[in-house]
Amino acid sequence: MKSKASQSQGLLLFRLSQTQLFALGTLKIRELVPYTPLSAIPHSHPTIMGAATIRGNTIPVIDMASAVGYAPITQEELSKSYIIITDCQRMVIGFLVRGIDKIIECNWRDIESPPNNLGKNAYLTGVTKFDNQLVQLLDVELLLSKVFPASPETTRAILTDVQREKLKPLNILLVDDSHVARKQLSDALDSINIPYQVTSDGRDALAIMEQAANDGKPIQLLVSDIEMPGLDGYELAFEVKNTPALAQAYIILHTSLSSEISVSQAHQVGANEALTKFDAHELISAMLRGAEQQNANV
């Protein structure tokens with residue numbers, strides 16, 4: 001099945017080293033710009049090379065190779081390097097890479113989760129192959145969390161006792177392939193003592209929901225990422241809404257994509273809401289709206 005939203009998302013392939021191909025989903029990308037001189041940003045993170053002025057906008061530029069543990073891009077390499085302008089997590093950010101390879105079409109169901117032995121700090125959300133070469137999908141949420149640590153104001157929510165009691169009885173499932181995004185979601189709910197289940201995979205989420213429904217305890221609130229290997233958030237929402245035993249779930253798609261397109265597509269597949277990562281207050285407010293709807297259905 002193709003995503004009901006008919007979103008066309010390919011992969012931009014690029015290089016941070018001479019041998020390894022990396023990728024980002026094209027929905028995150030605004031444009032590709034050959035290296036342009038940068039202005040210094042005092043007291044910034046060591047991997048921020050400076051700011052580029054592009055079409056009148058000042059955009060911080062991160063040396064992506066250095067940020068994920070490769071050798072920093074040298075002065076001699078700058079003339080062949082590119083800046084990938086992204087719109088992600090409410091920020092427009094430039095990532096300097098050693099070279100752009102190509103944009104390819106991608107069946108996201110063919111993307112596999114990264115091996116467990118890479119550990120928590122591997123900047124990957126998935127791996128696939130193209131022309132018999134390994135392609136590693138970068139975890140932009142993890143990278144940005146290292147360079148721009150979230151403020152406590154956005155990561156913690158405050159609830160009244162009445163609001164907490166509305167959420168506490170609900171069966172809640174969180175789904176995100178990014179380790180840092182799962183931790184943000186979990187921390188937000190842990191801090192207000194709300195129980196939940198969590199998984200990193202859309203297929204697993206669907207199986208969990210089917211099992212919960214069979215056990216007579218259906219998932220009532222589903223918070224899912226959009227870009228995921230295997231079964232993306234759009235497809236997961238579509239499957240849930242088209243399965244009678246699961247369809248009463250209140251679906252919140254939670255994405256690092258900052259475009260109105262993702263919101264429109266989320267509604268097309270039956271999601272109740274679409275939020276941009278990460279603001280705990282917005283997330284909990286959306287979950288409370290879901291709780292109100294679930295209580296009205298009782």
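If you read the sequence from its start, that first residue is 1, and numbering goes on from there.
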Taking [X] for its side chain and [Y] for its backbone only, find out whether a donor-acceptor pair lies under 3.5 Å.
X: K241; Y: A247; answer: yes
X: Q294; Y: Q220; answer: yes
X: S44; Y: I41; answer: yes
X: Q20; Y: S17; answer: no
X: N242; Y: F238; answer: yes
X: R164; Y: I192; answer: yes
X: T86; Y: I93; answer: yes

Closest non-hydrogen atom pair between [X] and [Y], with its separation:
X: Q133; Y: L21; answer: OE1-CD1, 3.5 Å
X: N272; Y: A249; answer: OD1-O, 3.9 Å
X: I111; Y: G126; answer: CG2-CA, 4.0 Å
X: S81; Y: L96; answer: OG-CD1, 3.5 Å
X: A266; Y: V269; answer: O-CG2, 3.2 Å
X: A65; Y: I73; answer: CB-CG1, 4.4 Å

Open item on the list: Using side-chain contact (heavy atoms from CB on, under 4.5 Å), reason through V68 and L16 one step at a time and then give a plain yes or no.
Closed with: CA-CA 9 Å; V68 302; L16 301 180; 3.6 Å; yes
- [ ] Please lay out, stage by stage, how I83 and T36 fare under the test side-chain contact (heavy atoms from CB on, under 4.5 Å).
- [x] CA-CA 8 Å; I83 300 172; T36 182; 4.0 Å; yes
Nearest 0.5 angstrom please: [X] [atom1] to [Y] [atom2], how far?
X: L174; Y: Q184; atom1: CG; atom2: CD; value: 12.0 Å
X: Q265; Y: I226; atom1: CD; atom2: CD1; value: 7.5 Å
X: I104; Y: T128; atom1: CD1; atom2: OG1; value: 7.0 Å
X: L167; Y: I172; atom1: CG; atom2: CD1; value: 5.5 Å
X: L231; Y: D177; atom1: CG; atom2: CG; value: 12.0 Å
X: L170; Y: I194; atom1: CG; atom2: CD1; value: 8.5 Å

Please answer: with hydrophobic residues joined when any side-chain heavy atoms are less than 4.5 Å apart, are [X] and [Y] in the same cluster?
X: I85; Y: L11; answer: no
X: F95; Y: L78; answer: no
X: L124; Y: V140; answer: yes
X: L38; Y: I48; answer: no
X: V147; Y: M91; answer: yes

Open item on the list: Around atom OH of Y82, are there more than 12 heavy atoms from other residues, nucleotides or ligands closer than 6.0 Å?
Closed with: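 It does not: Y82 OH has 12 such atoms or fewer within range.
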Task: Atom NZ of K183 with >12 non-hydrogen neighbours under 6.0 angstrom - done: no
TODO: Before giving the answer on ring-ring contact (aromatic ring centres under 6.0 Å, His included), spell out for H45 and F148 the whole-Å C-alpha distance, their side-chain angles and the decisive distance to 0.1 Å.
DONE: CA-CA 8 Å; H45 190 275; F148 302 104; 7.9 Å; no
Open item on the list: Using the rule given for side-chain hydrogen bond (donor to acceptor under 3.5 Å, both in side chains), can you reason through Y250 versus E273, listing the C-alpha separation, both sets of side-chain angles and the distance that settles it, and then say yes or no?
Closed with: CA-CA 9 Å; Y250 191 89; E273 307 199 34; 2.5 Å; yes
Open item on the list: Against V175, only a single residue in L222, D225, V223 fulfils side-chain contact (heavy atoms from CB on, under 4.5 Å); can you say which?
Closed with: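 Only one option passes, and that is L222.
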So, [X] versus [Y]: side-chain donor-acceptor pair below 3.5 Å or not?
X: S178; Y: D139; answer: yes
X: S285; Y: E282; answer: no
X: Y196; Y: D190; answer: yes
X: N214; Y: E210; answer: no

Open item on the list: Set out, in order, the CA-CA distance, both residues' side-chain angles and the distance that settles side-chain contact (heavy atoms from CB on, under 4.5 Å) for L138 and F14, then state yes or no.
Closed with: CA-CA 11 Å; L138 280 176; F14 57 90; 3.7 Å; yes
Open item on the list: Evaluate L221 against N171 for side-chain contact (heavy atoms from CB on, under 4.5 Å), listing each step before the verdict.
Closed with: CA-CA 6 Å; L221 281 179; N171 295 323; over 6 Å; no
Open item on the list: Less than 4.0 angstrom from a charged side-chain N to a carboxylate O is my criterion; do R182 and D176 meet it?
Closed with: no
- [ ] Decide, yes or no, whether a salt bridge links D87 with K28 under the criterion of side-chain N to carboxylate O below 4.0 Å.
- [x] no
- [ ] May I ask you to decide if the ring planes of F22 and Y70 are parallel, tilted or perpendicular, using 30° and 60° as cut-offs?
- [x] perpendicular
